[in-house]
Colleague: 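Structure provided below as structure tokens; questions to follow.
This chain uses plain numbering: 1 for the first residue, then up along the sequence.
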Amino acid sequence: MIRSASSSWLPLAWALALALAAGRADAEPLFETIDLFVAGDGGYLTYHIPGVAVTARGTVLAWGEARKTSGDWAAIDILLRRSTDDGRTWGEPIKFPQVSGPKTKNPVALALKGVRAEDQTYNNPVLIPDRDGTVHGLFCLEYMRAFYIRSVDDGATWSEPVEITGVFEKFRSEYDWKVLATGPDHGIQLRNGRLLVPIWLSTGTGGGAHRPSVVATIYSDDQGRTWQAGDIAVPNTDEWIFPSETVAVELADGRVMLNTRSESKANRRLVTIGPDGASGWGRPKFDEALVEPICMGSIVRLSATPASDKNRILFSNPDNLARTGGPETPGSHRDRKNVSVKLSYDEGQTWPVSRVVEPGWSAYNDLAVTKRGTILCFYGRSSQRHFAGDRLTLARFDLEWLTQGRDSLPPSAR
């Protein structure tokens with residue numbers, strides 16, 4: 001819309017031309033939400049573990065675990081929805097390919113109360129858009145087996161799953177895992193073409209058979225045909241307690257930064273940096289600016305020089321350390337609410353901008369950026385206290401909204 005101060009003295013055609021040349025300079029900041037998966041839809045009890053990514057062609061993919069019963073070891077399918085208009089409208093859910101052949105429950109799960117041997121658990125989906133247009137996908141079965149799939153039509157159809165559990169066997173000499181998990185959230189492709197997926201491993205002897213745990217990465221240098229194991233990046237120690245779900249971003253200098261959930265007494269996110277995303281990891285450090293309620297977070301690059309005017313990285317998680325009805329003990333879970341997005345201009349060293357996306361009960365989340373520069377935050381939320389929420393909601397907003405008008409992407413970066 002052309003403001004009256006301009007249209008009052010400029011011919012309409014001239015005013016429209018100026019508005020187009022200025023991009024969104026005169027437009028109101030964008031912020032809107034849409035529910036993509038709602039508890040009860042499709043016969044599923046709840047939806048959890050949201051992920052979102054944008055393909056080379058600009059298609060937005062949003063996915064999550066569709067749980068028929070409750071809990072991480074429930075009967076779970078993985079569902080995906082697609083948008084070809086920057087996340088405004090969405091197609092019907094598509095189910096990830098199922099694994100053929102005999103399937104058994106992870107033995108560590110069967111020792112837990114309420115876990116049923118007949119429930120098939122598909123878990124921890126990860127997608128990686130490739131610059132060549134391929135979409136690479138990984139997921140797990142029973143937190144015990146890992147599989148690779150790919151799509152050449154922006155997620156409309158998928159290849160048959162290929163098992164890649166063997167790559168995880170290479171960690172055995174350092175960590176005798178019984179539980180494996182990819183991601184979740186999106187993986188990344190480095191500038192050199194490497195596909196990179198953070199993973200976590202557990203001996204399955206602790207809470208929920210997911211603890212204790214360590215963090216590492218797996219990677220592919222041949223477009224997903226084969227996968228390799230990296231080094232353990234975040235071990236389990238008295239200081240770094242139960243590191244697990246991890247996200248990655250490539251820094252401007254080509255190094256890779258991991259941002260990790262843990263149950264450490266600091267209640268802060270753990271960060272470690274390595275030269276290539278696979279080995280040579282530095283000592284993990286707590287980021288004092290990023291609180292850890294013990295929940296999934298996300299990180300993504302918004303812009304980079306010289307293609308854009310500035311380096312910008314986004315981070316999101318439930319920004320809260322309060323706890324309802326219980327003590328705020330160091331290292332303990334806090335209420336999952338107040339999902340917020342933060343912005344860094346110095347490659348994650350500081351986070352001077354933060355804005356709340358969902359002040360109410362809100363949990364797991366993932367970030368993506370569309371070809372038009374729209375920021376997407378896909379998160380679980382609920383009207384009441386719940387570990388996952390009763391729906392997965394997509395928020396669409398721009399840099400102007402995030403920074404309250406103090407920053408915007410140049411037209412060349414949109």
Colleague: Partners of S202 by side-chain hydrogen bond (donor to acceptor under 3.5 Å, both in side chains), sequence neighbours excluded?
Modeller: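 Not a single residue meets the side-chain hydrogen bond (donor to acceptor under 3.5 Å, both in side chains) criterion with S202.
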
Colleague: Is F147 close to L138 at the side-chain level, that is, under 4.5 Å between some pair of heavy atoms?
Modeller: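 No; the side chains remain at least 4.5 Å from each other.
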
Colleague: Under the 6.0 Å and 45° cation-pi test, does R355 pair with W401?
Modeller: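 So R355 does make the cation-pi contact.
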
Colleague: Taking side-chain hydrogen bond (donor to acceptor under 3.5 Å, both in side chains) as the criterion, tell me which of N267, T329, T324 meets it with R334.
Modeller: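 For R334, the side-chain hydrogen bond (donor to acceptor under 3.5 Å, both in side chains) test succeeds with only one of N267, T329, T324, which is N267.
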
Colleague: Applying the side-chain hydrogen bond (donor to acceptor under 3.5 Å, both in side chains) test to T59, which of D153, D154, D86 qualifies?
Modeller: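 That would be D154.
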
Colleague: Measure from the side-chain N and O atoms of K103 to the backbone N and O of G101, and report whether any donor-acceptor pair falls under 3.5 Å.
Modeller: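 Yes: the side chain of K103 pairs with the backbone of G101.
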
Colleague: How far does CD of E292 sit from CG of D319, to the nearest 0.5 angstrom?
Modeller: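 Taking CD in E292 and CG in D319, the distance rounds to 11.0 Å.
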
Colleague: Does any non-hydrogen side-chain atom of L290 lie less than 4.5 Å from one of R268?
Modeller: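 With C-beta onward as the side chain, the pair stays apart.
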
Colleague: Among all residues two or more places apart in sequence or in another chain, which pass the salt bridge (Lys or Arg N to Asp or Glu O under 4.0 Å) test with R283?
Modeller: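 With neighbours one apart ignored, the set is E239.
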
Colleague: Can you find a heavy atom in the side chain of Y379 that is under 4.5 Å from one in the side chain of Y364?
Modeller: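 No - every pair of side-chain heavy atoms lies 4.5 Å or more apart.
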
Colleague: Should V108 and W73 count as side-chain neighbours, where that means a heavy-atom distance under 4.5 Å?
Modeller: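 A side-chain contact under 4.5 Å exists here.
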
Colleague: Which class fits the ring pair F139 and F96: parallel under 30°, tilted 30 to 60°, perpendicular over 60°?
Modeller: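 The rings of F139 and F96 stand perpendicular, inter-plane angle above 60°.
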
Colleague: Between atom CZ of R211 and atom CG of N236, what is the distance when rounded to the nearest 0.5 Å?
Modeller: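 One finds 11.0 Å between CZ of R211 and CG of N236.
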
Colleague: With rounding to the nearest 0.5 angstrom, report the CG to CZ distance, L61 to R81.
Modeller: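 Nearest 0.5 Å value for the CG-CZ distance: 12.5 Å.
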
Colleague: Is the W200 ring parallel, tilted or perpendicular to the H210 ring (thresholds 30°, 60°)?
Modeller: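 W200 and H210: perpendicular rings.
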
Colleague: For F37, run the ring-ring contact (aromatic ring centres under 6.0 Å, His included) check against W90, Y47, Y44 and tell me which one passes.
Modeller: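 When ring-ring contact (aromatic ring centres under 6.0 Å, His included) is applied between F37 and each of W90, Y47, Y44, only Y47 qualifies.
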
